[in-house]
Amino acid sequence: MSSSVKRIIVLGGGTAGWITAGLLAKKHASNTVGSGINITLVESPNIATIGVGEGTWPTMRQTLAKLGISETTFIRRCQATFKQASKFVNWVSPQNNSYYHPFSEPQGYNRLDLGPYWRDIAATGSAFSEAVTFQHYLCEQGLGPKNIANREYEVVANYGYHLDAGLFIELLREHCSATLNVEHIYDTVEHVTCAENGDIDTLMCKDLGPLSADLYVDCTGMRSTLLGKTLGVPFVPCDQVFLADTALATQVAYPSPDSPIACHTISTAQSAGWIWDIGLQQRKGVGYVYSSKHCDEQQARETLASYIGDAEIVKQAKKIQFTPGHRKVFWQNNCVAVGLSAGFLEPLEASALMLVEASANFIAEQLPVNVAHMPLVAARFNTMMHTKWRGVIDFLKLHYVLSRRSEPFWQESRQAQSIPDSLGDLLQLWQYRNPNENDFTDTVEAFSAASYTYILHGGDFDQDLSPMQHLYTQHKAAGKLLTLNQKRIEQLKFTLPRHRKLLDKVVDIGFSSI
Ligand code: FAD
């Protein structure tokens, strides 16, 4: 048998690096009986982490639980709040419209898809998400997704989190080093050498000198030092699909200590992009992601200042530039990229940390037993990640395609040649029927048919269901589900606390443990 994989170096100490090191260590680190796999994380004291990334998916609950981090500790340490949805304001047209992408599926989704029925039977004027899920109501009313009496990670309404990225890294660093046996080194890799077969051989660190491993995880952020720069894996730009390439990110104080905290990300469309608005416990994270071809920095700062209502705060906004895209492959030779080093599209729908979690879980679950198995595992990883990236690209693009805004940025964002074929095909099919799970035969698809349904109906997609009308004969059952949804709202509005009140209780008392 060829030599076993015994030593893993994770290069980079951002969210991607620590989540990957933590999940690997939890499963394989040398304190587990019979393992003896050593996991080292090297991060530069001089190269800052990106400092943004405040919205997560519900998958983060499983990730935290797997790492053995208590939900109460996480919420207390990371200024974290609950996220139940994304709300898209003025995406369809410039004024007075919004729609939700909630994390909970429509009522009775596994039994009957309400997509073809809701327009006929919902109360006049109600939005799709309002008619089919109680979570729309919870978000509008600022209610939390559970009670303090619920256990850690237990769900009444499905939720992820908003968090302070810097505090999250601190917690992960502390937990992974102290509890999960991740060896932690502060040093800067200045040079990388490769073996004749193209494998990475040695990382030359500024202070410690050479470090070697059997597997290297590149978490160096947009630098992509190992996979991109050293191994030369090409970057596949997606700037024909996504026009936004710059972000201005800032922090905004609440007007008063008891101001309500939104339980969803608010994404408000602007003339050349959109503004994210994320409520943490003691501040909000607000940023404008825009296309530098359609708006200069001064205009972008004015747009952000007008949204926040304070030009002074915007002076401190951090500018981040990026090219939307991803690496051609994500695992080559003995190097796998996770996080921004693998790629980044844009912050919409907060999919980047989900891709980190998916990558890290795969590597931890399918770690090659020896060096000879590395290409087999790498090929499987690349197949999975290509499916995920394709799915994320299609889903994010859908939000733009449905817009009817007339500014040049929005017109160009929905030009036919900018729409990937995979999404174009689906849109043709969905003109005459609703999305269903058979549209996505791959089990690793990033977004579910339910998510597509929320965006399609929220964005007022023009459908003609008449050619298949004979399939939609369950109006009575659909009506019952809508009534059930209303009953659920009546029940939850008296039992769920206001979001801020719930967070105060978590900070004071905490949830009971799992
Ligand atoms: P980084 O945070 O950049 O970390 C890189 C690490 O590599 C650092 O520790 C650095 O010191 C180290 N390093 C680099 N070179 C070397 C070297 N030579 N030697 C040693 N160490 C080195 N994601 C979401 O899921 N939700 C969001 O809401 C969201 N919003 C975003 C908004 C914006 C504007 C942007 C740009 C991104 C957003 N993301 C979001 C993405 C998210 O920020 C990242 O996916 C996440 O922070 C992971 O970053 P990272 O760890 O890959 O890289």
Side-chain angles (χ1 to χ4, degrees), residues 9-21 40-60 63 83 86 160-166 168-170 172-173 184-192 203-208 211 216-230 242 244-250 265-267 273-278 280 285-290 317-324 326 337-360 392 396 446:
I9 292 181
V10 177
L11 182 60
T15 324
W18 283 111
I19 286 178
T20 310
T40 303
L41 185 143
V42 183
E43 68 174 308
S44 169
N46 304 317
I47 303 172
T49 56
I50 189 135
V52 281
E54 298 186 325
T56 83
W57 281 27
T59 48
M60 189 55 80
T63 298
K83 172 179 175 181
S86 293
Y161 304 100
H162 292 135
L163 53 85
D164 177 302
F168 189 38
I169 292 172
E170 266 177 36
L172 288 168
R173 182 187 289 134
H184 180 208
I185 295 173
Y186 274 119
D187 209 336
T188 303
V189 169
E190 293 189 318
H191 179 64
V192 183
L203 307 184
M204 295 302 295
C205 295
K206 185 167 178 273
D207 297 325
L208 277 180
L211 287 178
Y216 297 85
V217 187
D218 184 348
C219 295
T220 57
M222 289 182 191
R223 294 162 192 259
S224 198
T225 303
L226 302 182
L227 192 80
K229 288 209 182 89
T230 305
F242 298 108
D245 60 2
T246 311
L248 291 173
T250 192
T265 300
I266 304 164
S267 308
W274 59 276
I275 286 177
W276 75 80
D277 186 337
I278 283 179
L280 303 188
V286 182
Y288 184 20
V289 54
Y290 63 95
K318 181 176 164 181
K319 183 178 172 186
I320 302 164
Q321 289 170 294
F322 56 90
T323 305
H326 56 79
V338 179
L340 297 173
S341 59
F344 179 66
L345 298 171
E346 67 138 279
L348 193 67
E349 293 281 6
S351 56
L353 288 177
M354 174 279 292
L355 291 172
V356 166
E357 295 172 86
S359 305
V392 174
L396 301 197

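In each ligand, atom 1 is the first atom listed, and ligand 1 is the first ligand listed. Atoms considered below: every heavy atom in the structure, side chains included; atoms not considered: hydrogens, waters and symmetry mates.
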- prompt: Side chain of Trp57, backbone of Glu349: donor and acceptor closer than 3.5 Å?
  reply: yes
field: Lys206, NZ atom: more than 12 neighbouring heavy atoms under 6.0 Å
entry: no
message: Taking non-hydrogen atoms within less than 4.0 Å of ligand 1, which protein residues qualify?
response: Leu11, Gly12, Gly13, Gly14, Thr15, Ala16, Glu43, Ser44, Ile47, Thr49, Ile50, Val52, Gly53, Glu54, Gly55, Asp187, Thr188, Val189, Cys219, Thr220, Gly221, Arg223, Ala247, Trp276, Ile320, Gly339, Leu340, Phe344, Pro347, Ala350, Ala352, Leu353
message: Run the ring pair (Phe, Tyr, Trp, His ring centres under 6.0 Å) test against Tyr216 and tell me which residues pass, sequence neighbours left out.
response: none
task: Kindly say whether Thr225 contributes a backbone atom to a donor-acceptor pair with the side chain of Thr230 at under 3.5 angstrom?
output: yes
For residues 45-54, run the donor-acceptor check on the side chains, cut-off 3.5 Å, and write out each pair with its distance to 0.1 Å, sequence neighbours left out.
from: Glu54; atom 1: OE2; to: Arg283; atom 2: NH1; distance (Å): 3.3
from: Glu54; atom 1: OE2; to: Arg283; atom 2: NH2; distance (Å): 3.0

- prompt: With sequence neighbours excluded, what pairs up with Tyr161 under the side-chain hydrogen bond (donor to acceptor under 3.5 Å, both in side chains) test?
  reply: Glu71
